Amino acid sequence: MFTQIKTTLANKAVVTELTSKFMLGTENVIARIAIAYSLHSGKHFSPLDVRGSGGKEYSRNVLFGQRFPFYLAMICTYYNIKENDMNIPRYFKMHLDDGLEMIYADIKDNPNLVGYGYLFDRIEEGIKDLN
């Protein structure tokens, strides 16, 4: 399947800044949140939409840990593809970059925003959307 994913170069600094702002511990936590946030947004990408790399590099094990099957299922369900589709790494990368950019855009002009408050608000919105 794949062994690593790299963000865009611009998102390398974003990962570090968001991780620090939200005090989430390791940088893979914000990456997981970013993927889920992007998927929740409803955006669909073409495999040809993939942008450059050169940014923060994650191994599959570091990024997803033991939860890889859940993230794989989300991508496969979202795009209605099989788990052996060759474009899965591209979809993960695109949603990672998109989610990081969305979160950063939300907080960049609001320096007083508390990290957990922002995250709880997004979670609450997501739960409401389920109803």
Side-chain angles (χ1 to χ4, degrees):
M1 163 109 9
F2 66 96
T3 58
Q4 63 185 15
I5 294 177
K6 285 187 181 182
T7 68
T8 62
L9 184 58
N11 278 334
K12 184 175 186 175
V14 171
V15 167
T16 302
E17 185 175 336
L18 293 176
T19 298
S20 176
K21 179 160 184 74
F22 292 148
M23 296 179 285
L24 295 172
T26 58
E27 292 180 343
N28 63 331
V29 176
I30 194 64
R32 293 175 184 178
I33 292 168
I35 291 168
Y37 192 42
S38 176
L39 288 168
H40 178 262
S41 76
K43 293 180 190 172
H44 279 81
F45 297 104
S46 161
L48 302 176
D49 293 336
V50 74
R51 294 180 287 147
S53 55
K56 174 69 180 171
E57 182 176 338
Y58 295 98
S59 74
R60 187 175 89 180
N61 290 338
V62 168
L63 180 56
F64 300 110
Q66 295 177 354
R67 293 172 183 84
F68 177 70
F70 299 108
Y71 285 89
L72 179 61
M74 286 192 298
I75 290 287
C76 290
T77 301
Y78 193 73
Y79 285 97
N80 195 26
I81 57 177
K82 296 191 184 293
E83 64 184 36
N84 61 353
D85 188 290
M86 67 180 203
N87 291 311
I88 287 174
R90 290 174 179 242
Y91 291 126
F92 275 124
K93 181 199 175 355
M94 289 183 286
H95 283 286
L96 171 58
D97 282 325
D98 180 61
L100 289 169
E101 291 162 8
M102 289 171 51
I103 295 168
Y104 186 71
D106 287 349
I107 67 149
K108 74 177 181 178
D109 295 326
N110 192 350
N112 297 322
L113 183 67
V114 176
Y116 283 111
Y118 169 82
L119 293 174
F120 288 141
D121 288 348
R122 299 294 80 77
I123 292 168
E124 185 177 347
E125 288 174 14
I127 291 171
K128 286 179 183 176
D129 288 345
L130 292 173
N131 296 325

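Since this is a predicted model, take the numbers as computed values, not measurements. Values reported hereafter were calculated over all heavy atoms of this structure, with side chains retained and with hydrogens, waters and symmetry mates removed.
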Set of residues satisfying salt bridge (charged side-chain N to carboxylate O under 4.0 Å, His left out) with respect to Glu17, sequence neighbours excluded: none
Minimum-distance pair of heavy atoms, taken over all atoms of Val14 and Leu100: CG1-O, 3.9 Å
For Lys6, all residues meeting salt bridge (charged side-chain N to carboxylate O under 4.0 Å, His left out), sequence neighbours excluded: Glu57
Verdict with supporting geometry, Ile88 and Cys76, side-chain contact (heavy atoms from CB on, under 4.5 Å): CA-CA 8 Å; Ile88 287 174; Cys76 290; 3.9 Å; yes
Heavy-atom closest pair, residues Ala34 and Leu96: CB-O, 3.9 Å
Gap separating the CZ atom of Arg51 from the CG atom of Leu9, nearest 0.5 angstrom: 11.5 Å
Any residue meeting side chain to side chain donor-acceptor pair (under 3.5 Å) with Tyr79, in chain and number order, not counting sequence neighbours: His95
Pairwise side-chain contact, Asn11 with Glu101, heavy-atom cut-off 4.5 Å (strictly under): yes
Hydrophobic cluster membership, Phe45 vs Ile81, 4.5 Å side-chain cutoff: yes
Val50 backbone acceptor or donor facing Arg90 side chain under 3.5 Å: no
Residues that Tyr37 engages under side chain to side chain donor-acceptor pair (under 3.5 Å), provided they are two or more places apart: Asp106
Counterpart residues, side chain to side chain donor-acceptor pair (under 3.5 Å), relative to Asp98 (two or more places apart): Ser38, Lys43
Any side-chain heavy-atom pair of Phe22 and Val29 under 4.5 Å: no
Considering all heavy atoms, the nearest Ile5-Pro89 contact: CD1-O, 4.5 Å
Donor-acceptor side-chain pairing of Asn28 and Thr26 below 3.5 angstrom: yes
Gap between atom OH of Tyr78 and atom CG of Leu39 - 0.5 Å precision: 6.0 Å
Lys/Arg cation over aromatic Phe68: Arg60, 6.0 Å, 45° cone: yes
Min side-chain heavy-atom separation Ile107-Leu18 under 4.5 Å: yes
Donor-acceptor under 3.5 Å (Asp85 side chain, Lys82 main chain): no
Considering all heavy atoms, the nearest Ser41-Met102 contact: CB-CE, 3.6 Å
Side-chain heavy atoms of Lys93 within contact of Thr8, under 4.5 Å: yes
Shortest non-hydrogen contact between Val62 and Arg32, atoms and distance: O-NH2, 3.7 Å
Closest heavy-atom pair and its distance - Thr16, Glu27: OG1-OE2, 3.1 Å
From Ile35 atom CD1 to Ile30 atom CD1, the distance as rounded to the nearest 0.5 Å: 11.0 Å
For Tyr71, all residues meeting ring-ring contact (aromatic ring centres under 6.0 Å, His included), sequence neighbours excluded: Phe64
